[in-house]
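Take a look at the structure set out below.
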2 protein chains.
Amino acid sequence: MTNEVRLLRFLAQDMTQAELGKRVGLTRQTIAAIEQGRYSPSLDVAFRIAHLFGKRVDEVFHWQPGGDQGMETASSDAG
Amino acid sequence: MTNEVRLLRFLAQDMTQAELGKRVGLTRQTIAAIEQGRYSPSLDVAFRIAHLFGKRVDEVFHWQPGGDQGMETASSDAG
DNA sequence: ACGTAATGTCAAACATATATAACATAATGT
DNA sequence: ACATTATGTTATATATGTTTGACATTACGT
């Protein structure tokens, strides 16, 4: 699970980690950890960050099936 | 934070909570709790569920700014 | 009436996200 | 040289997601 948080932060007038954290209700340490992919945030936090940058969650956070586990699509069963 | 999991599960050949849980790597209790909005899942789980139904995260989980806290948009600061 | 499948719900344990506090470095300005 | 700002990083504590095990209800088929 990678993300564009750091890039988006630079594009938003070089917003600092502390400033971003303050705006979305997180600490700067948590922002740093998220940017480095040390863990994936909660869905709620993902929505807050994406909304702040005017993006969709999937535009900010990039997930790949099997990047963690392996599983199929619902349609792969029906069709 | 509401979601369409239950609806999507019915549309997918009446998949059971247990079956959905098995496919995305969760227990049926966790699926039930998520459907009822008792808590919002992790971003990873949200991606797995959305992917299973061939939807985007924001199509499955509906979040509203201020539904939990109050905060602004990045552009609301710039102009 | 009985068994089974699907769901709701609860309590306790466990895993992970997040906060807080502290210390470190590099870059900037005085 | 010194202070300040932004960031990286660690340890510990707290909050919350998730699992496991159990028990209850409803609906269906026999």
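Since the model is a prediction, treat every value here as computed from it, not as a measurement.
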Report, one pair per line, the protein and nucleotides 23-30 of chain C atoms (nitrogen or oxygen only) whose separation is under 3.5 Å.
none

Using the 3.5 Å cut-off, write out each protein N or O paired with an N or O of nucleotides 12-18 of chain C and the distance between them.
| residue | atom | partner | partner atom | Å |
| --- | --- | --- | --- | --- |
| C:dT18 | OP1 | A:S42 | N | 3.2 |
| C:dT18 | OP1 | A:S42 | OG | 3.1 |

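Taking five base pairs at each end of the helix from C:dA1-D:dT30 to C:dT30-D:dA1 and finding the rotation axis that steps the C1' atoms of four pairs onto the next four gives two axes whose angle is 30°, to the nearest 10°.
Atom CD1 in B:I34 sits 8.0 Å away from atom OG in B:S42 (nearest 0.5 Å). Interatomic distance, A:I31 CD1 to A:R23 CZ, rounded to the nearest 0.5 Å: 12.0 Å.
Qualifying side-chain hydrogen bond (donor to acceptor under 3.5 Å, both in side chains) partners for A:S40, counting only residues two or more places apart in sequence or in other chains: none. Residues passing the side-chain contact (heavy atoms from CB on, under 4.5 Å) test with B:R6, sequence neighbours excluded: B:R9, B:F10, B:Q17, B:E35.
Neither OP1 nor OP2 of C:dA5 sits under 4.0 Å from any side-chain N or O of B:Q17. Contact between the side-chain N/O atoms of B:Q29 and the OP1/OP2 oxygens of C:dC10 is not found at any separation under 4.0 Å.
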Would you check, one step at a time, whether the test side-chain contact (heavy atoms from CB on, under 4.5 Å) holds for A:K22 with A:T27? CA-CA 7 Å; A:K22 184 184 166 191; A:T27 63; over 6 Å; no
A:L26/A:R48 under side-chain contact (heavy atoms from CB on, under 4.5 Å): CA gap, chis, key distance, verdict: CA-CA 10 Å; A:L26 296 174; A:R48 298 212 297 270; 4.1 Å; yes
Evaluation steps, side-chain contact (heavy atoms from CB on, under 4.5 Å), between A:V24 and A:V45: CA-CA 7 Å; A:V24 299; A:V45 162; 5.8 Å; no
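The distance between atom CD of B:E35 and atom P of C:dG8, rounded to the nearest whole Å, is 7 Å.
Shortest non-hydrogen contact noted between A:F61 and A:N3 is CD2-CB, 3.5 Å. Of all heavy-atom pairs between A:T30 and A:Y39, the closest is CG2-OH, 3.8 Å.
Looking at B:E19, its side chain never comes within 3.5 Å of a backbone N or O of B:M15 through a donor-acceptor pair. A side-chain donor-acceptor contact under 3.5 Å links B:Q36 to the backbone of B:A32.
When DNA chain D is scanned in the 5' to 3' direction for atoms under 4.0 Å from non-hydrogen atoms of chain A, the outermost contacting nucleotides are D:dA6 to D:dT10.
Checking B:W63 against B:D58 by side-chain atom types alone, no donor-acceptor pair falls below 3.5 Å.
By the 4.5 Å heavy-atom criterion applied to side chains, A:F53 and A:L20 are counted as neighbours.
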